[in-house]
Amino acid sequence: MALPYNKRTHDCGALRAADIGKSVLLSGWVDNFRDLGGMVFIDLRDRGGITQLKFDPNSDPAAHGIARTLRSEFVVCVRGEVISRGEKVNAKLPTGEIEVVVHEIELLSKSETPPFEISDDTETNEDLRLKHRVLDIRRPRMKNALMLRHKITRTIREYFDRNGFLDIETPILTKSTPEGARDYLVPSRIHHGCFFALPQSPQIFKQLLMIGGLDRYMQVARCFRDEDLRADRQPEFTQIDIEMAFVQAEDVMHHVETCIAEVAKVSRGLDVALPLPRISYAEAMLKYGKDAPDLRYDLTIKDVTEIAGRVDFGIFKDAIAKGGVVRCLVVPNGSEMTRKETDGLAEELKGIGAGGLPLVKVAVEGGKVVFQTGIAKFFTDAALVAEICTQIGAKSGDLILFAADHSDSVCKYLGWLRATVADRRGLIPKDRWAFCWVVDFPAFGYDAETKAVFPMHHPFTSPKDEDLHLLKLGTNEVPPKEDLLKVRAKAYDVVLNGIELGGGSIRIHRADVQSKIFQLLGLTPEDAKKKFAFLLDALRFGAPPHGGLALGLDRIIMLFGGYSSIREVIAFPKNARASCPLSDAPGEVAPEQLKELGISILK
RNA sequence: GGGGCUGUAGCUCAAUUGGUCAGAGCGCCGGCCUGUCACGCCGGAGGUUGCGGGUUCGAGCCCCGUCAGCCUCGCCA
């Protein structure tokens, strides 16, 4: 009865009415079985889909006898004939017009009862799914995610291949660079006390490839960062890493957006209008409170610092006195939100650092616009109320949410409120795909704690030409902090629906600019040499102007696949505590291994 | 490190104010059933309510601690 399971004629999603009459050999898993006492029906599943098998006790008693003993997830191989279902079509299945009447069956493998059903219908606890990822991957949803991943990755590879990019691998065992995220370290057996670092990104290597004259590079690159996780952050993730020589920002952006549009078409049938809209970092922060604005809905933040200064309300006055700002969000018809809802928002807002949530409801009394509830009592001047409403476009029935603090905090609070309120009040059109580029990032940020200037992107990011004068090139002077914070970078992020898909920059290729930047960042030439020696060496030998970008592949697949977490599009992801429930990694190692590496563990 | 949510049968969940509240659906096991496709019908097994302590006459429910999972702030080239 042994069947040649290696000679499958079709997969389980392939057969159609046109195949009626064919003799076929199928293999797969028992998805569902219906034993009617005489006739037995089995849904056979493999990667391609599901085909109904029919076992008839009269014509094929031996096969029927075996079929009766089958259970969920048993693995079988069958040989049979494709027949029409006649009137009994199952419209839910692509193969619903046919079934296979089985003449021979071989049980290849039994299965224990699975800990959860292999089905999309019930949402199983994710921890359990990750422990039994093998079974989880059999579910259509997961299977589709990984098939989508393949399709998108292939589309991207083909795009860049077609456009002259070379796919080049870079080292996984590399050297720790001091900037940025925590490194995952790998101890060296041969050099005790020394460590490799897994790359946070192939940043420096791709620059070296450009300086090496390879002109255009791309890689599907695994990146590693030992930081806390999120729904869209894993300790190891995949970037589409690209770099180009002799280009301006627009050239990089053109290729990236064209590629993304192709992915959108292939994965969702979307026609994305190009070029994508550009929005400055300053505008994004002001209007949306985020450097990755969600442009699917309007609901923009309004600055009311000037007018709020005329209100006798301590929170506003204090914030302004300290150089802060007052901004607000007008929630259309937000007056219908209950006290419980707004109190809830306030509580959650406190959880991210805010002192509270000043708010008012807009109403009309006696023909005049008035504020009610919340901090309404501080708005005693009817003319002022009218002026505010005109300025921010608030009308009766709206809810106004305020934030007063330093600009950074206000952006954080109102950005969070904007996204949260939009989501809870159903203001986000689910079928909209809002792409944009965020450009004109500041080159530097300022850390109040360390009182130090730091690079917003990385220290090799080129400032915009028109802002170069602020750097006092060719002198030893350090420009005032205020000037440095005005310098904009040739950096750009591509954003979809409020999630950063990727970012990049044009790199510095002028030695004088690079050394000035290091100086401004507080790095002596010796420091810089120590930290970035191999890049600086390379820059000495003729570096072409170059730049690139890295796209978060996992996020792209998550968004185009409609998943809520990148764990859903990664075959074997880590959980929120950065461990793998399947393999139980990370794990302890034998003392001998440690000894060989010259490592002892602190207790 | 901070904030929040969750933890009850193999899975998904329910259990009014602390008082027959140890329950349902699915799954599983056994039986019946020849056109099902979430097959149907009959019967059955299965739970230390994450764990530890406390309050109480009485705790799934309240309190404290702890563990685990998820979300989030910080952090994240």
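Here is the naming used below: chain letters follow the sequence lines, and residue numbers restart at 1 for every chain. Everything numeric in this text was worked out from a predicted model, so none of it was measured.
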Just compare [options] and give me whichever is closest to any side-chain atom of [X].
X	options	result
Asn32(A)	C39(B), A77(B), G35(B)	C39(B)
Ala181(A)	A77(B), G10(B), C33(B)	A77(B)
Glu500(A)	A77(B), C37(B), C71(B)	A77(B)
Glu117(A)	A77(B), G35(B), C26(B)	C26(B)
Lys412(A)	U36(B), G74(B), U34(B)	G74(B)

Counting any heavy atom closer than 4.0 Å, what does [X] reach on the DNA or RNA strands: base, sugar-phosphate only, or nothing?
X	answer
Glu126(A)	sugar-phosphate
Gln52(A)	base
Ile204(A)	nothing
Arg71(A)	sugar-phosphate
Pro57(A)	base
Glu347(A)	nothing
Thr124(A)	sugar-phosphate
Lys92(A)	sugar-phosphate
Asp35(A)	base
Gln207(A)	nothing

With rounding to whole Å, what would you report as the distance between [N] and [M] at their [atom1] atoms?
N	M	atom1	value
A15(B)	U56(B)	P	28 Å
G60(B)	C21(B)	C1'	9 Å
C28(B)	C70(B)	P	28 Å
C13(B)	G19(B)	C1'	24 Å
C51(B)	C67(B)	P	15 Å
A45(B)	A24(B)	P	12 Å
G50(B)	A9(B)	C1'	14 Å
C39(B)	G35(B)	C1'	10 Å

For [X] and [N], is the shortest distance between a side-chain N/O and OP1 or OP2 below 4.0 Å?
X	N	answer
Asn575(A)	G69(B)	yes
Arg34(A)	C39(B)	yes
Arg567(A)	C71(B)	yes
Arg577(A)	A68(B)	yes

Between [N] ([atom2]) and [X] ([atom1]): distance, integer Å:
X	N	atom1	atom2	answer
Asp127(A)	U12(B)	CG	C1'	16 Å
Phe33(A)	U34(B)	CZ	P	17 Å
Lys88(A)	U36(B)	NZ	P	4 Å

**Item:** Minimal non-hydrogen separation, Ala528(A) against Leu536(A), with atom names
**Value:** O-CD1, 3.6 Å
Could you check whether the side chain of [X] and the base of [N] have a donor-acceptor pair of N or O atoms closer than 3.5 Å, going by distance alone?
X	N	result
Glu227(A)	G74(B)	no
Arg230(A)	G74(B)	yes
Asn58(A)	U34(B)	yes
Arg225(A)	C76(B)	no

**Message:** Within the 4.5 Å heavy-atom criterion, are Gln52(A) and Thr95(A) side-chain neighbours or not?
**Reply:** no
**Prompt:** Taking the six-membered ring for Trp, does Phe41(A) stack with U36(B) (centroid gap under 5.5 Å, planes within less than 30°)?
**Reply:** yes
[N] pairs with, by Watson-Crick or G-U criteria that keep both distances under 3.5 Å:
N	answer
G19(B)	C57(B)
C51(B)	G65(B)
C29(B)	G43(B)

**Asked** Step by step, would you call Leu501(A) with Val495(A) a side chain to side chain contact (heavy atoms under 4.5 Å, CB included)?
**Response** CA-CA 5 Å; Leu501(A) 294 185; Val495(A) 174; over 6 Å; no
**Fill in**
So salt bridge (charged side-chain N to carboxylate O under 4.0 Å, His left out) across residues 47-72 of chain A, not counting sequence neighbours, yields Asp35(A)-Arg68(A)
**Complete:** The residue, Ala576(A) or Asp228(A), whose nearest nucleotide of RNA chain B is more 5′ is Ala576(A)
**Asked** Would you find a donor on one side and an acceptor on the other, under 3.5 Å apart, between the side chain of Arg141(A) and the backbone of Asp136(A)?
**Response** no
**Prompt:** Between Arg129(A) and Glu568(A), is the closest basic N to carboxylate O distance under 4.0 Å?
**Reply:**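 Between Arg129(A) and Glu568(A) there is a salt bridge, with a charged N closer than 4.0 Å to a carboxylate O.
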**Message:** So that I know where these two stand, are Phe532(A) and Phe460(A) an aromatic pair - ring centroids less than 6.0 Å apart?
**Reply:** yes
**Message:** Centre-to-centre under 6.0 Å for Phe441(A) and Tyr492(A), is that the case here?
**Reply:**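 That pair fails the under 6.0 Å test.
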